[in-house]
Protein chains: 2
Amino acid sequence: MTAPAPEFTPRQNEVLASALRLVVEGGEKALTTAAVARAANCSKESLYRWFGDRDGLLAAIVAHQASKVRVPHENDDQLSASAFRERLVTFAEDLLTVLAGDTSLALNRLAIGQASREGSPLGRLLLERGRLRIATRARVLLEAGAAQGHIAAVDATEAYRTLYGLIVRDAHGRWLLGQEPEGAEADFAARANLSVDQFLTLFPPDAQNTGRPAG
Amino acid sequence: MTAPAPEFTPRQNEVLASALRLVVEGGEKALTTAAVARAANCSKESLYRWFGDRDGLLAAIVAHQASKVRVPHENDDQLSASAFRERLVTFAEDLLTVLAGDTSLALNRLAIGQASREGSPLGRLLLERGRLRIATRARVLLEAGAAQGHIAAVDATEAYRTLYGLIVRDAHGRWLLGQEPEGAEADFAARANLSVDQFLTLFPPDAQNTGRPAG
DNA sequence: TCGCCGCCGAACCGTACCGTACGGTACCAC
DNA sequence: GTGGTACCGTACGGTACGGTTCGGCGGCGA
């Protein structure tokens with residue numbers, strides 16, 4: 001692999017952080033080049049020299065935030081069944097916390113709002129640098145669990161998507177539309193526990209199938 | 001209830017259909033008042049007289065489309081287990097078909113892109129007139145199934161959300177970001193069958209719990 | 001000390017779009 | 001015929017924003 005990817009200078013990262021704050025607070029409409037320059041105490045000239053374009057600035061914001069996504073590169077071998085389950089619960093809770101966060105919601109709204117354009121580079125960026133990383137983290141965990149006989153996952157991707165559905169359900173969609181997490185839905189720990197229980201019910205260690213009852 | 005809700009005159013519905021086509025094809029950016037007037041062969045003056053405002057036009061588009069959502073008001077009593085299961089599969093396939101459709105994606109993108117504003121009236125509109133209706137349709141079905149002992153659903157809303165998660169998983173989010181359904185994911189019938197199987201596994205008729213294994 | 005470079009702040013330009021105003025037309029009531 | 005209403009098409013004002021240009025300033029090497 002290459003060096004730890006400077007990608008942007010410290011000053012540029014500073015500007016991108018300011019821009020991110022703007023878009024988190026006011027949505028895309030608030031992200032004018034003049035506003036970014038004012039908030040970051042820099043000139044529009046520098047913005048255009050560094051990022052080339054408004055779209056380039058948007059892409060840089062997404063890339064900047066994605067670069068902060070760190071996968072806890074932990075050792076998944078030699079896990080007991082209970083430790084494996086605990087890892088799944090932690091993943092579930094982390095996932096809900098991230099998806100409900102202001103930053104994630106703002107960037108997803110930004111990319112989705114622009115996804116009508118052909119190509120939709122922002123959406124692709126978010127998929128590849130955000131969701132894909134999270135999915136990969138979960139998949140290696142699931143594959144390790146399957147290798148050690150804790151679950152019967154024939155296809156890690158399929159299993160991951162089921163896990164995701166049980167954890168998130170329709171909550172992300174509602175949050176994206178402006179609904180706030182309320183009541184029991186805000187208890188991410190409880191939700192994480194329940195969804196992992198359901199997942200382990202669907203993929204029991206001894207079964208050969210993928211949750212489909214025999215018959 | 002009131003009369004079948006004229007809500008808009010035929011001419012206005014015609015204009016709204018044109019506007020909907022515009023937003024489906026080109027996203028929100030393509031939906032300028034001038035473009036709507038040109039596409040619908042009407043004057044901007046009429047647009048503003050009828051809908052008051054550009055935001056009013058957006059809301060009218062959503063309301064117009066939502067009014068076309070028809071819940072098949074069918075009789076859910078006296079269903080055999082297999083007929084109940086068939087109803088669930090039909091619901092699942094309908095849900096996937098709707099969510100993957102151009103119109104649904106365009107309107108969801110529109111509302112999500114505007115959801116940063118406080119209040120987010122479009123998001124609320126979509127939640128109340130779109131998702132809530134679909135959820136209600138599923139809930140009455142699930143309650144009927146529970147009453148007849150086909151599933152063990154203590155809370156219809158909880159059960160519905162689990163069903164939704166098993167059906168949709170992370171597909172809707174990926175579609176919203178511009179990814180196309182491809183491969184096995186495009187086979188909605190197969191997906192519907194699998195997810196209903198999983199749902200029935202989690203909510204078996206004889207069990208008393210909500211999918212959590214005893215212990 | 002001098003010139004070069006990167007950057008800031010501000011002014012500027014062209015354009016796109018919202019909202020309104022106005023002239024012209026078809027239709028209806030009387 | 002006459003007035004009224006609803007509508008179309010277009011032109012216009014005002015504004016906001018993306019992108020460019022310019023003057024000035026501090027730092028830095030020679």
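Everything numeric here is computed off the predicted structure, so don't read it as measured data. Both backbone and side-chain heavy atoms feed into the values below; hydrogens, waters and symmetry mates do not. Letters A, B, ... mirror the listed sequences (proteins, then strands); counts begin at 1.
- Only A:Lys44, A:Glu45, A:Tyr48, A:Asp53, A:Arg54, listed by number, bring a heavy atom of residues 44-61 of chain A to less than 4.0 angstrom from any atom of DNA chain D.
- Evaluation of the side-chain contact (heavy atoms from CB on, under 4.5 Å) rule for B:Arg117 yields B:Asp55, B:Gln114 as partners, not counting sequence neighbours.
- Checked for salt-bridge contact, A:Arg124 and A:Glu128 miss the test: no charged N lies under 4.0 Å from a carboxylate O.
- Where DNA chain D meets chain A (any atom under 4.0 Å from a heavy atom), the bounding nucleotides read 5' to 3' are D:dC17 to D:dC22.
- Position along DNA chain C of the nearest nucleotide to B:Leu31 versus A:Cys42 favours A:Cys42 as the more 5'-ward residue.
- Residue A:Arg38 is classed as having no contact, given no heavy-atom separation below 4.0 Å to the nucleic acid.
- The shortest distance between side-chain heavy atoms of A:Leu132 and A:Leu127 does not fall below 4.5 Å.
- Between B:Phe188 and B:Trp175, the two ring planes are tilted [angle within 30° to 60°].
- In this structure, CG of A:Asn41 is placed 14 Å from C1' of C:dA10, rounded to the nearest angstrom.
- Legend: side-chain hydrogen bond (donor to acceptor under 3.5 Å, both in side chains) pairs involving residues 98-113 of chain A, not counting sequence neighbours, sorted by first then second residue: A:Ser104-A:Asn108, A:Asn108-A:Arg131.
- Exactly one residue among B:Arg169, B:Gln179, B:Arg174 makes a side chain to side chain donor-acceptor pair (under 3.5 Å) with B:Glu185. That residue is B:Arg174.
- Listed by first then second residue, pairs satisfying ring pair (Phe, Tyr, Trp, His ring centres under 6.0 Å) with a partner in residues 111-143 of chain A number zero, not counting sequence neighbours.
- Under the rule for a side-chain contact (heavy atoms from CB on, under 4.5 Å), the partners of A:Ala17 that lie at least two apart in sequence or sit in another chain are A:His64.
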